[in-house]
Number of protein chains: 2
Amino acid sequence: MAAMPTVTDVALAAGVSRQTVSNVMNSPGIVRADTRERVEAAIAKLGYRPHASARRLRTRRSSTIGIRLDPMIDGISGSVLDRFLHALTEQADRLGLRVLLFTATSPEDEITQLQRLNDGADVDGFVLTSTFAGDPRTEWLIENGISFVTFGRPWGTNDMNDPQHLWVDVDGWAGLHQATRAAQETGARRIGYIGWPSPSGTGEDRRRGWRDAMLERGDVTENDLAALEVVTVDGVAEGTAAMQELRRSAGVLDAVLCASDSLALGAMIANPDRVPVTGYDNTPIAAAIGLSSVDQSVEEVAAGVLELLTGEFGGHVSGAPESDEPRHRMVTPRLVVREFAAIPMDESA
Amino acid sequence: MAAMPTVTDVALAAGVSRQTVSNVMNSPGIVRADTRERVEAAIAKLGYRPHASARRLRTRRSSTIGIRLDPMIDGISGSVLDRFLHALTEQADRLGLRVLLFTATSPEDEITQLQRLNDGADVDGFVLTSTFAGDPRTEWLIENGISFVTFGRPWGTNDMNDPQHLWVDVDGWAGLHQATRAAQETGARRIGYIGWPSPSGTGEDRRRGWRDAMLERGDVTENDLAALEVVTVDGVAEGTAAMQELRRSAGVLDAVLCASDSLALGAMIANPDRVPVTGYDNTPIAAAIGLSSVDQSVEEVAAGVLELLTGEFGGHVSGAPESDEPRHRMVTPRLVVREFAAIPMDESA
DNA sequence: AAAAAAGATTTGATCGATCAAATAAATTCA
DNA sequence: TGAATTTATTTGATCGATCAAATCTTTTTT
């Protein structure tokens with residue numbers, strides 16, 4: 001409550017000028033050692049903290065990144081974004097960055113919010129989640145020259161290497177490839193897959209991981225694969241229905257892989273033969289139910305996002321864009337294998 | 001990208017002074033109508049947005065509230081806090097407030113963060129979640145005269161009415177009382193309860209809701225109640241174990257109420273007789289599984305929190321604390337009844 | 001040892017907005 | 001109508017920090 005001391009107070013106490021105090025905080029290297037110590041002592045004694053807004057006004061940098069808090073459709077898979085948000089906040093903090101939230105009701109509304117935060121100099125850049133093909137947000141941000149990184153690769157017409165679009169993503173192909181391999185190693189041959197309908201880039205990516213691993217091993221033909229696959233939108237009830245359909249179409253099943261934990265949980269419900277089910281996202285539900293699942297390392301994703309983002313606005317704005325360093329990061333997920341199902345369920349439907 | 005216009009630019013364009021532009025934005029009432037329109041036109045034409053940091057520096061107000069992002073222990077019940085965070089961000093936005101996140105590893109660490117954000121004038125106040133008895137954070141905040149509101153009542157020695165501690169909470173007693181009543185109305189008489197161990201204020205509150213409703217109706221005696229109750233820490237596996245114990249100790253059961261959806265999910269797993277189970281928090285899991293659950297209206301909580309918080313720092317700081325208006329809000333939860341269990345499970349353990 | 005170069009510190013201006021007090025304009029009153 | 005009010009608008013100072021350039025020190029070079 002006592003009025004916070006300012007640089008001037010510190011300067012007075014240390015017998016130096018304002019600027020020297022500022023230098024001690026921002027470029028300690030150029031201050032002589034003994035002077036620096038004296039200033040640091042004064043800072044500690046007075047309990048000085050730089051006034052964030054004053055600094056931002058002068059430096060024209062907010063040291064804040066904006067991120068939209070998604071409405072959390074599902075609540076199961078949604079938890080990945082929560083974990084990501086947590087990891088991001090934590091790591092941003094270590095870099096002296098703050099995380100500012102906002103919400104929006106539609107992509108158009110979101111653009112309005114992006115503009116508001118950017119124009120008000122509230123943020124230096126944005127982190128976008130849940131990207132989709134033809135995403136108007138990224139387009140707008142690029143047009144306006146605003147820094148951003150997406151969690152999720154650009155799914156449009158091969159703009160994966162657009163140098164203006166920085167992104168971090170998890171290699172869903174590798175995740176399902178690995179999960180399929182792991183199942184094969186336990187002796188499974190007929191491995192089913194419950195995935196998402198085609199327009200979803202993420203879904204297609206995961207699906208190919210399964211397909212490729214299946215074909216590589218050569219136990220099944222292209223034709224067999226069709227019967228081993230069911231496509232449905234995400235959800236627990238949908239997973240149950242898909243599992244029932246899969247059991248009809250596939251006959252014998254040695255294992256089932258799902259594009260999400262929601263689907264996997266649903267599949268478990270219609271699983272009287274106790275076929276091993278593997279989910280995706282390693283949500284708390286998977287842990288609680290004892291489901292194997294593919295874990296997206298949100299920490300790695302967060303680290304990548306921050307690296308790219310700070311490189312963008314922290315880096316020297318002018319000059320060559322150091323074109324040799326990669327403009328994206330692909331994180332390899334990790335299969336978490338769990339003892340199968342402490343939860344036998346049998347079905348009536 | 002083009003340099004943002006400032007008040008001066010707008011003033012020039014509208015043929016007025018800086019201050020008039022400022023007045024149009026902050027106290028439009030004192031500006032003559034025709035002048036105001038002229039200024040507004042200029043603002044629109046230039047696309048002017050006030051520079052947030054400059055304003056904050058001058059007004060000594062950040063219009064930002066800080067909230068700690070919890071590590072999400074469980075992921076199931078954790079989603080309540082996520083929903084709350086979402087509601088808070090959305091409603092704060094409407095009031096022109098921003099939500100800034102931070103993380104902390106312990107209450108002590110959290111105090112450090114609180115201080116950092118407060119001293120740097122990053123925030124005007126805080127929202128605390130997950131309060132507990134003897135919480136050092138609230139104590140520290142009060143000592144330092146920093147505005148805050150907690151989601152969760154103070155659980156310590158009856159400081160519920162401490163005028164310095166503003167809080168909003170959900171009436172767990174009412175929630176379980178209502179859930180018990182609802183079960184009784186379907187004809188259930190022997191209604192079990194799986195709750196949390198005693199030091200938890202929240203747990204005790206919910207438990208009493210069940211007990212009181214049971215005793216009020218008079219179907220059971222105090223003694224019967226002991227056999228109808230199991231206490232355990234939160235978790236899915238714990239819920240399963242508790243349900244097994246409950247079935248042993250209680251014999252016939254007409255319904256089971258749980259202190260959380262995690263416990264309820266666990267209980268469902270050891271529920272061959274398909275006894276109706278009711279959870280608490282109305283998480284997506286409850287919806288997915290078809291579990292009745294007590295819903296904490298996070299929107300109402302968020303509204304209450306913001307009302308109290310803005311009343312605190314938006315209100316005229318000096319003067320009498322308008323002692324007649326209540327310093328807290330108690331939100332009544334709502335029972336969401338679901339068709340019981342599309343999910344029959346049987347158990348082997 | 002004097003001149004040149006490098007290093008450390010200080011001074012004045014500035015970022016963009018609002019506050020407080022001063023001035024100008026419109027209104028009311030005698 | 002002219003003075004007294006009330007209402008609108010403007011001017012100068014300020015919030016707390018950093019930038020850019022100027023001054024003062026120290027070190028290096030010849």
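No hydrogens, no waters, no symmetry mates; every other heavy atom, side chains included, goes into these values. Bear in mind the structure is a predicted one, so any value in this text is a computation, not a measurement. Each chain gets a letter, A, B and so on, in the order its sequence line appears, and its residues count up from 1.
Scored by the salt bridge (charged side-chain N to carboxylate O under 4.0 Å, His left out) test, A:D169 finds A:R153 as partners (sequence neighbours excluded). Taking the side-chain contact (heavy atoms from CB on, under 4.5 Å) definition, one finds that A:T131 meets it with A:D135, A:R137, A:T150, A:W155, sequence neighbours left out. Listed by chain and number, the residues in a salt bridge (charged side-chain N to carboxylate O under 4.0 Å, His left out) with A:R38 amount to none (sequence neighbours excluded). With sequence neighbours excluded, the residues that form a ring pair (Phe, Tyr, Trp, His ring centres under 6.0 Å) with B:F84 are B:F151. By the salt bridge (charged side-chain N to carboxylate O under 4.0 Å, His left out) test, B:R60 pairs with no residue at all, sequence neighbours left out.
Using a 4.0 Å heavy-atom criterion, one finds that A:T35 contacts the sugar-phosphate atoms exclusively.
Near-neighbour residues of DNA chain C inside residues 26-33 of chain A, defined by a heavy atom below 4.0 Å, number-ordered: A:I30, A:V31, A:R32. Non-hydrogen atoms lying under 4.0 Å from DNA chain D are contributed by A:R18, A:Q19, A:S22, all within residues 12-23 of chain A. Across residues 46-58 of chain A, A:L57, A:R58 each have a non-hydrogen atom less than 4.0 Å from an atom of DNA chain C (numbered order).
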Salt bridge (charged side-chain N to carboxylate O under 4.0 Å, His left out) between A:D122 and B:R56, worked out: CA-CA 11 Å; A:D122 267 305; B:R56 291 205 272 260; 3.3 Å; yes

Taking only distance into account, with no hydrogens and no angle test, what donor-acceptor pairs under 3.5 Å do side-chain atoms of residues 27-35 of chain A form with protein atoms, sequence neighbours excluded?
unit_1: A:R32; atom_1: NE; unit_2: A:D34; atom_2: OD1; d: 3.4

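Side-chain N or O atoms of B:D93 include none that pairs as donor or acceptor with a backbone N or O of B:E90 at under 3.5 Å.
Residue pairs meeting the ring-ring contact (aromatic ring centres under 6.0 Å, His included) criterion with at least one member in residues 98-136 of chain A, sequence neighbours excluded, do not occur.
Closest approach of B:R329 and B:G304 over heavy atoms only: CG-CA, 4.2 Å.
No option in B:Q115, B:E110, B:R116 other than B:R116 meets the side chain to side chain donor-acceptor pair (under 3.5 Å) test with B:Q113.
To the nearest 0.5 Å, the span separating CG on B:D109 from OG1 on B:T103 amounts to 7.5 Å. Atom OG of B:S62 sits about 8.5 Å away from atom CG of B:L97, to the nearest 0.5 Å. In this structure, OG1 in A:T64 is found 10.0 Å from CG in A:L117, a value given to the nearest 0.5 Å.
Side-chain contact between B:I146 and B:L114: absent, with no pair of heavy atoms (C-beta onward) separated by less than 4.5 Å.
The footprint of chain B on DNA chain D, defined by a heavy-atom cutoff below 4.0 Å, extends from D:dA8 to D:dG16.
Computed from C1' positions of five pairs at each end, the angle between the two local axes of the helix from C:dA1-D:dT30 to C:dA30-D:dT1 equals 40°, rounded to 10 degrees.
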